[in-house]
Amino acid sequence: MTRFEVQECWKGRTLIDPITQQAMHSRIGPESEAQSIYLEPSGLHERLQISDKGPLVLWDVGMGLAANSALAWQLAHHSSCQRLLQIHSFENQLAGLRQALANLSSFEFLSDSSRDLHQLLDAGSVRSPPGHHWTLHPGDFQTFLEKAQRGQIQFSEPELIYWDFYDPKSCPDLWSLELFEALSQVAPTARLDTYSAATPVRVALALAGFYVGRKRSQPSSKPADTTPGLTPMKSEGTVALGRLCSEDERRSLIEPLNERWLEKLERSSAFRPYGHSEWSRTASREALLKRMRSLKAFATADEPR
């Protein structure tokens, strides 16, 4: 089995991939990162309290050490939820999680979910009272999306998506315009949260039909920026709302991309989205800016922020 290097964080520990040499988390650690970038900004706790809705479907894309999924799972069990939680975790490299589960003293945030995680890895799914359900989708997420688009597989449309792949520069195809276009088709009402604030990522999301905005992701206590081998915690991330999202969701987009952001795009050296489309390969900056200004992503952004 592939062995990952254990790395100390500000809070807890993470793993460094021996192939990519990338850490799975920033310097604040997996638990703090999951809470400050994914669970809290997406309003998971509040959403689970809504009594007149069906199950909340969460896609955790790029599960890694399962911090996002495991903490969401624990939240559903330790709070008085009015809704059931259905988690779908997507990951093509499970060796890191297996290593963490074999060393729980270093990854204590997984302890409460360790039994369910072992069953998830062994059986592919786990159910628990009063009916929460967690499903593992091993393999390539791009392939999953292609099959979903063609109607070759049944899937539960997500309300929330936690997008947590490695850094876009190291795996641009997983942050590409083509991938986000496919996601927009199969998850048109979802809210997507990610740690990345990269311009090519935001451009790709907007071109794919999402309403895109900034979100603050800095924890209340900032760790010293001295831990070797780990990336600093970014001061902001990105939230994207599906093209058919509700008006309430759109109003929740506190800092939508706006004209000021487009002015920054005019000066950016990385103005094209990742991928292989014409926008990614040959489009001029002027053509891209004209297209961006025409998008509904800016329909809620009348005033500079």
With a 4.5 Å limit on heavy-atom distance, are the side chains of L44 and L75 in contact? yes
Just by modelled atom types, is the Q185 backbone N or O under 3.5 Å from a matching donor or acceptor in the Q149 side chain? no
Quick check: closest heavy atoms across Y274 and V201, and the distance to 0.1 Å? CE1-CG2, 4.1 Å
Please round to the nearest 0.5 Å and tell me the distance separating atom CG of L179 and atom CG of D173. 8.5 Å
Working note: L15 + V6, criterion side-chain contact (heavy atoms from CB on, under 4.5 Å); need CA distance, chi angles, decisive distance, verdict. CA-CA 5 Å; L15 295 179; V6 179; 3.8 Å; yes
If we only count heavy atoms from C-beta on, is the R267 to E263 side-chain gap below 4.5 Å? yes
Under the salt bridge (charged side-chain N to carboxylate O under 4.0 Å, His left out) definition, can you give me all pairs with a residue in residues 68-82, not counting sequence neighbours? none
Are any of the side-chain heavy atoms of E259 and L262 separated by less than 4.5 Å? yes
Kindly state each residue pair satisfying salt bridge (charged side-chain N to carboxylate O under 4.0 Å, His left out) with at least one member in residues 34-43, sequence neighbours excluded. none
Identify, with sequence neighbours excluded, every residue that meets ring pair (Phe, Tyr, Trp, His ring centres under 6.0 Å) alongside Y38. Y162
Applying side-chain contact (heavy atoms from CB on, under 4.5 Å), run through N103 and R13 and close with a yes or a no. CA-CA 11 Å; N103 186 18; R13 298 172 178 85; over 6 Å; no
With a 3.5 Å distance limit and no angle check, can you tell me whether T194 reaches the backbone of W163 through a side-chain donor-acceptor pair? yes
Does R285 have more than 12 heavy atoms from other residues, nucleotides or ligands lying within 6.0 Å of its CZ? yes
Stepwise side-chain contact (heavy atoms from CB on, under 4.5 Å) check, H276 with E178: CA-CA 8 Å; H276 306 284; E178 293 90 336; 3.5 Å; yes
Taken to the nearest 0.5 Å, the spacing of L97 CG from L121 CG works out to 5.0 Å
Considering only residues two or more places apart or on different chains, which pairs with a residue in residues 106-132 satisfy ring-ring contact (aromatic ring centres under 6.0 Å, His included)? H77-H132
Salt bridge (charged side-chain N to carboxylate O under 4.0 Å, His left out) contacts touching residues 143-163 (sequence neighbours left out): R47-E159, R83-E159
Correct closest heavy-atom pair for F165 and C171 would be CB-SG, 4.5 Å
L65 CG to Q99 CD distance, which is reported to the nearest 0.5 Å: 9.0 Å
Any salt bridge (charged side-chain N to carboxylate O under 4.0 Å, His left out) pairs touching residues 183-200, not counting sequence neighbours? R191-D193, D193-K215
Angle class for the F144/W59 ring planes (parallel below 30°, perpendicular above 60°, tilted otherwise)? perpendicular
State, to 0.1 Å, how close L120 and L136 come at their nearest heavy-atom pair, and which atoms those are. CD1-N, 3.6 Å
Partners passing side chain to side chain donor-acceptor pair (under 3.5 Å) against R281 (at least two apart in sequence or in another chain): none
Y195-W175 aromatic ring centre distance below 6.0 Å: yes
CA sep, side-chain torsions, deciding dist, call: E278, R272, side-chain contact (heavy atoms from CB on, under 4.5 Å): CA-CA 10 Å; E278 182 178 349; R272 293 186 178 95; over 6 Å; no
Are side-chain heavy atoms of R202 and L265 found at a separation under 4.5 Å? no
Please name the pair of heavy atoms, one in A72 and one in L58, separated by the smallest distance, quoted to 0.1 Å. CB-CD2, 3.9 Å
Sequence neighbours left out, what passes side-chain contact (heavy atoms from CB on, under 4.5 Å) with A187? Give chain and number order. P158, I161, L183, A190
Should the pair E247-R250 be classified as a salt bridge under the 4.0 Å nitrogen-to-oxygen rule? yes
E266 side chain near F271 side chain, heavy-atom distance below 4.5 Å: no
Hey, what do you get for OG (S114) to CD (Q119), rounding to the nearest 0.5 Å? 12.0 Å
Taking S111 for the side chain and E108 for the main chain, is one N or O donor matched with an acceptor at less than 3.5 Å? yes
Answer with yes or no whether the hydrophobic clustering places I50 together with V57; edges join I, L, V, M, F, W, Y residues whose side-chain heavy atoms lie under 4.5 Å apart. no
For A270, does its backbone N or O pair with a side-chain atom of T199 as donor and acceptor, under 3.5 Å? no
Got V61 and D164 here, is their nearest side-chain heavy-atom distance under 4.5 Å? no
Do you know the tightest heavy-atom contact between Q7 and I16? OE1-CD1, 3.8 Å
Which residues satisfy the side-chain contact (heavy atoms from CB on, under 4.5 Å) test with S280, sequence neighbours excluded? P273, S277
I'd like to check the side-chain contact (heavy atoms from CB on, under 4.5 Å) partners of R291; sequence neighbours left out, ordered by chain and number. L207, W279, S294, L295
Could you grab the distance from atom CG of D116 to atom OG of S125, nearest 0.5 Å is fine? 11.0 Å
Show the nearest heavy-atom pair for residues I28 and S36, with the distance to one decimal. CD1-OG, 3.8 Å
Is there a path of hydrophobic side-chain contacts, each under 4.5 Å between heavy atoms of I/L/V/M/F/W/Y residues, joining L104 to L71? yes
List the atom pairs, with distances to 0.1 Å, where a side-chain N or O of residues 84-94 and a protein N or O form a donor-acceptor pair under 3.5 Å, not counting sequence neighbours.
unit_1 : atom_1 : unit_2 : atom_2 : d
H88    : ND1    : H137   : NE2    : 2.9
S89    : OG     : S69    : OG     : 2.8
S89    : OG     : W134   : NE1    : 2.9
E91    : OE1    : M63    : N      : 3.1
E91    : OE1    : G64    : N      : 2.7
E91    : OE2    : Q93    : N      : 3.0
Q93    : OE1    : A95    : N      : 3.1

Working to the nearest 0.5 Å, report the span between CG of N68 and CD of Q35. 9.5 Å
Going by side-chain contact (heavy atoms from CB on, under 4.5 Å), name the residues that satisfy it together with D17, two or more places apart in sequence or in a different chain. F4, I19, T20, Y166
Side chains of E249 and S252: closer than 4.5 Å at any heavy-atom pair? yes
